[in-house]
Amino acid sequence: MPELPEVEVTRTRVAPHLEGARVAAVRMGLPLRWPLGVAPQALTGRRVVAVRRRGKYLLFELDQGLLLLHLGMSGSLRWLTVPEPAGRHDHFDLVTDRGTLRLHDPRRFGAVVYADRQDDPMAQRLLGGLGVEPLEDAFEPQQFHAALRGRRAPIKTVLMAGDVVVGVGNIYANESLFLARIRPTTPAMRLSRARVARLHGAVREVLQRALAVGGSTLRDFSADGHMGCFQLETWVYDRAGQPCRVCGTPIRCIRQGQRSTYFCPRCQAR
DNA sequence: CATAAGCCCTGCCCGC
DNA sequence: TGCGGGCAGGGCTTAT
């Protein structure tokens, strides 16, 4: 699914349409991960003030209240200028006076949640535990190293947990660790300052590059029809058994917490 | 049947 | 020893 770059690309795409638009109606399809938290018709008449992002959450700031939208594993957003009947997997429409924002999400791991106030319990629950934004200045090697102190879990697990740094999903976690030449199984707390600095740079580079390319193309994500043009060439992700692009050693695949981890046993030596 | 891009929740475990 | 935080695992759903 959308990791940070894909969510940010989505934000960039829909923000110009939505900012300043007035909500005319809200249509809900099948239940998403959590209930909206408000009667849909209560949102009509509200104006979208800004579209921001926190981690993998899109935040639609209304003149009163806030909509949190998460794409889950298979969600994608489209902007409709001409009305179109909702398909089987279209589970949320934000109809505005300028057009319709439509969430397409076959797996329904996504969510749209309304929060009345900043300190809304649900908003707090979802956003409160999030780590630093990796592309902002606040993401800095010293603090990164400090945050990893006391984490005995494998570095890849900690990267993906999102409470230290946000936005790094399975693909970019694998890619970042390869670039940093760090074995994904290494306990986070055992990484030297120098290696943490390398990982810090690698995370930024990988996300930045994916962002520049318009988000990597993932099956479900490309359902929107416009993202299908670019496929980020991966160093290790989904390349089990294929030769490492640097040294030729076959890429290995292991399981870490129900997720696939890919690495080069030579480039990412212990 | 296994696997897939995410993430919250639960209950257990470990270390201060 | 007790408490709190960290961590592993489960589960949600549909498509391939």
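Worth saying up front: this structure is predicted, and the values here are computed from it rather than measured. In what follows, chains carry the letters A, B, and so on, assigned in the order in which the sequence lines appear, proteins first and then strands, with residues in each chain numbered from 1.
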Tell me which nucleotide among C/dT14, B/dT3, B/dG6 gets nearest to the side chain of A/Arg255. B/dT3

From C-beta outward on A/Ala153, which listed nucleotide comes closest to its side chain: B/dC8, C/dT14, C/dC7? C/dC7

Distance, rounded to the nearest Å, where A/Glu6 contributes CD and B/dG6 contributes P: 9 Å

Sticking with atom P, work out how far B/dA2 lies from C/dG10, rounded to a whole angstrom. 13 Å

Complementary nucleotide of B/dG6, counting Watson-Crick and G-U pairs under 3.5 Å: C/dC12

Taking the six-membered ring for Trp and the full ring for Phe, Tyr or His, determine whether the centres of A/Phe263 and A/Phe178 are under 6.0 Å apart. no

Over how many whole Å does the gap from A/Ile254 atom CD1 to C/dA8 atom P extend? 13 Å

Quick one: which of B/dA4, B/dG6, C/dC7 gets closest to the side chain of A/Arg259? B/dG6

Expressed in angstrom and rounded to an integer, what is the separation of A/Asn174 atom CG from B/dA4 atom C1'? 13 Å

Is A/Tyr172 near enough to B/dG6 that one of its side-chain N or O atoms lies under 4.0 angstrom from OP1 or OP2? no

Shortest side-chain distance from A/His89, nucleotide among C/dA15, B/dG6, B/dT3: C/dA15

Separation of A/Met189 atom CE from C/dC7 atom C1', in whole Å? 13 Å

With a cut-off of 6.0 Å (strictly less than), are more than 12 heavy atoms of other residues, nucleotides or ligands near CZ of A/Arg117? no

Using a cut-off of 4.0 Å on non-hydrogen atoms, how would the nucleic acid contact of A/Arg151 be classed: base, sugar-phosphate, or nothing? sugar-phosphate

For a quick test of reading the model: is some side-chain N or O of A/Arg88 closer than 4.0 Å to OP1 or OP2 of C/dA15? yes

Salt bridge check, A/Arg33 against A/Asp105: does any charged N sit closer than 4.0 Å to a carboxylate O? no

A/Arg108 vs A/Arg152, nearer the 5' end of DNA chain C by closest nucleotide: A/Arg152

Nucleotide nearest A/Leu126 when distance is taken to its side chain, options B/dT3, B/dC8, B/dG6: B/dC8

Return the value, rounded to whole Å, for the distance between atom CG of A/Leu32 and atom P of C/dT14. 11 Å

Rounded to whole Å, CD1 of A/Ile171 lies from C1' of B/dC7 at a distance of 16 Å

Would you call A/Asp93 and A/Arg27 a salt bridge, using N to O less than 4.0 angstrom? yes

Can you tell me if A/Asp97 has over 12 outside heavy atoms packed within less than 6.0 Å of its CG? yes

C/dC7 P sits how many Å from A/Lys156 NZ, rounded? 15 Å

Integer-rounded Å distance: B/dC7 P and A/Met73 CE: 10 Å

Measure up the A/His200 and A/Phe144 rings against each other and bin them: parallel (under 30°), tilted (30 to 60°), perpendicular (over 60°). tilted

Report yes if at least one side-chain N or O of A/Gln258 is closer than 4.0 Å to OP1 or OP2 of C/dA8; otherwise report no. no

Answer yes or no: does a side-chain N or O of A/Ser74 lie under 4.0 Å from OP1 or OP2 of B/dA4? no

Check whether the aromatic ring of A/Phe109 stacks on the base of C/dC12, taking stacking as ring centres less than 5.5 Å apart and planes within 30° of each other. yes

With heavy atoms under 4.0 Å as the rule, sort A/Arg33 into base, sugar-phosphate or nothing. base

